[in-house]
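The basis for the numbers below is simple: all heavy atoms, side chains too, and nothing from hydrogens, waters or symmetry mates. Everything numeric in this text was worked out from a predicted model, so none of it was measured.
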Amino acid sequence: MTTLTVSHLNVMRGKKSVVDDVSLRLETGRITALLGPNGAGKSSLVHALAGLLPAAGGRIESDGASLVGKSPEAIRGAGIAAVLEGHRVLSGLSVDDNLQAAGFNHSRITLKAAIREVYDIFPELAERKGQRAGSMSGGQQQMLSLGQAIVCRPKFIFADEMSLGLAPLIVKRLMSVISRLASQGTGILLIEQFAHVALQLASEVHVMSRGRLNYSGAPQPLIDDPEILHRAYLA
């Protein structure tokens, strides 16, 4: 089992604190949900973990190795892939070229196998491998965005608001893939607007508001008593 530990993390945007003294632990093979209202700091936390925002304080460690100050490329090399909000794909390139770019550091044989795995998971993408990514539907682009992360063969995936603006059927499909990846040993940090979806999948839940964690624990108490979740959102 590999662990990713966040200890007393602080992140600033300009002069504003957006992540305040956050501590959490991720493990391979487990889904950890991060819930909270818009503006809570969830995406800022993901950006900091992915090396896209600097940490103002605290520690981020993967199996004891510090990731603070590392570049996004170095963090990906450490086995961490982020699926950022808004299905960010290389819109001018084909589906296949997007996947090739995501696995640039693989050997040719490893990359070929990783792309084949993505096409097995998402046959829709295999049918469109030569299509320009920006011409696909939002749901298909989100599949591709997740596919890019899968190609990296990561230990951990941070999935930030994958369901945003998508039809329920597509959301269900994406979440089934997230469950499959976890069952195969990938650690998942799931940031999700639909709390009921995340609570059904996660083994641990954190609720964030105003940059701080107001609940950390098992999902069942939040399922049994939604008022606990409501209070954590408003704290």
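Hydrophobic clustering, with ILVMFWY side chains joined whenever heavy atoms are under 4.5 angstrom apart, keeps Leu213 apart from Leu229. There is a path of hydrophobic side-chain contacts, each under 4.5 Å, that joins Met136 to Val89. Residues Tyr119 and Leu146 are members of one and the same hydrophobic cluster, defined by side-chain heavy-atom contacts under 4.5 angstrom among Ile, Leu, Val, Met, Phe, Trp and Tyr. A single hydrophobic cluster is not seen to contain both Leu93 and Ile150; linkage of ILVMFWY side chains at heavy-atom distances under 4.5 Å, directly or through other members, places them apart. Hydrophobic clustering, with ILVMFWY side chains joined whenever heavy atoms are under 4.5 angstrom apart, keeps Phe104 apart from Leu90.
In this structure, Asp63 contributes its side chain and Thr3 its backbone to a donor-acceptor pair below 3.5 Å. A donor-acceptor pair is defined here as one N or O able to donate and one able to accept, closer than 3.5 Å; such a pair exists between the side chain of Lys42 and the backbone of Pro37. The main-chain N or O of Phe194 is found under 3.5 Å from a side-chain atom of Glu192 such that the two form a donor-acceptor pair.
The CE atom of Met162 sits 8.5 Å away from atom CD1 of Ile157, with the distance rounded to the nearest 0.5 Å. The distance from the CE atom of Met1 to the NZ atom of Lys155 is 12.5 Å, given to the nearest 0.5 Å. Annotation: the span from Ser183 atom OG to Ile178 atom CD1 amounts to 11.0 Å, rounded to 0.5 Å.
Residues Tyr215 and Ala232 approach most closely at CB-CB, 4.2 Å, considering heavy atoms. The two residues Asp21 and Asn10 come nearest to each other via the heavy atoms N-OD1, 2.9 Å. Closest approach of Ser62 and Thr2 over heavy atoms only: OG-CG2, 4.2 Å. Residues Pro219 and Ala202 come closest through the heavy atom pair CG-O, 3.3 Å. Here the closest non-hydrogen pair linking Ile170 and Gly139 is CG2-CA, 4.0 Å. The minimum heavy-atom distance linking Ser145 with Val83 is given by the pair OG-CG1, 3.4 Å.
For the pair Glu27 and Arg25, the salt-bridge criterion is met [side-chain N within less than 4.0 Å of a carboxylate O]. Using a 4.0 Å cut-off between charged side-chain N and carboxylate O, Glu124 and Arg173 make a salt bridge.
Side chains of Ser179 and Leu201 form a contact here, defined as non-hydrogen atoms less than 4.5 Å apart. Taking 4.5 Å as the limit, some side-chain heavy atom of Thr32 sits within range of a side-chain heavy atom of His206. Leu190 places none of its side-chain heavy atoms less than 4.5 Å from the side chain of Leu34. Side chains of Phe156 and Ile75 form no contact here, defined as non-hydrogen atoms less than 4.5 Å apart. For the pair Leu4/Phe158, a side-chain contact is recorded, criterion being any heavy-atom separation below 4.5 Å from C-beta on. In this structure, the side chains of Thr28 and Thr186 stay at 4.5 Å or more apart for every pair of heavy atoms. Side-chain contact between Leu166 and Leu174 is present, with heavy atoms from C-beta onward closer than 4.5 Å. In this structure, the side chains of Ile60 and Ser66 stay at 4.5 Å or more apart for every pair of heavy atoms.
Side-chain polar atoms of Ser216 and Glu204 form no donor-acceptor pair below 3.5 angstrom. Gln141 and Ser137 share no donor-acceptor pair across their side chains, judged by distance under 3.5 Å alone. One side chain, Thr110 or Ser107, offers a donor N or O that lies under 3.5 Å from an acceptor on the other. With hydrogens and angles left out, the side-chain atoms of Arg132 and Ser94 include no donor and acceptor closer than 3.5 Å.
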(request) Carefully, step by step, assess Ser44 and Arg13 under the rule side chain to side chain donor-acceptor pair (under 3.5 Å). (result) CA-CA 9 Å; Ser44 294; Arg13 284 189 182 269; 2.9 Å; yes
(message) If you apply the rule side chain to side chain contact (heavy atoms under 4.5 Å, CB included), what do you find for Val22 with Arg212, and how did you get there?
(response) CA-CA 6 Å; Val22 165; Arg212 299 183 67 90; 5.7 Å; no
(request) Evaluate the criterion side chain to side chain contact (heavy atoms under 4.5 Å, CB included) for residue pair Gln200 and Ile223; output intermediate values, then yes/no. (result) CA-CA 9 Å; Gln200 295 297 329; Ile223 295 171; 4.1 Å; yes
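Considering Leu49, Leu67, Leu189, Leu26 in turn, Leu49 is the only one that fulfils the side-chain contact (heavy atoms from CB on, under 4.5 Å) rule with Val6. Tyr233 pairs in a side-chain contact (heavy atoms from CB on, under 4.5 Å) with only one of the listed residues (Asn214, Ile228, Val207), which is Val207.
Heavy-atom neighbours of Asp120 CG from other residues, nucleotides or ligands within 6.0 Å: above the threshold of 12. Within 6.0 Å of CZ on Arg153 lie more than 12 heavy atoms contributed by other residues, nucleotides or ligands. More than 12 heavy atoms of other shown residues, nucleotides or ligands fall within 6.0 angstrom of atom CG in Leu234.
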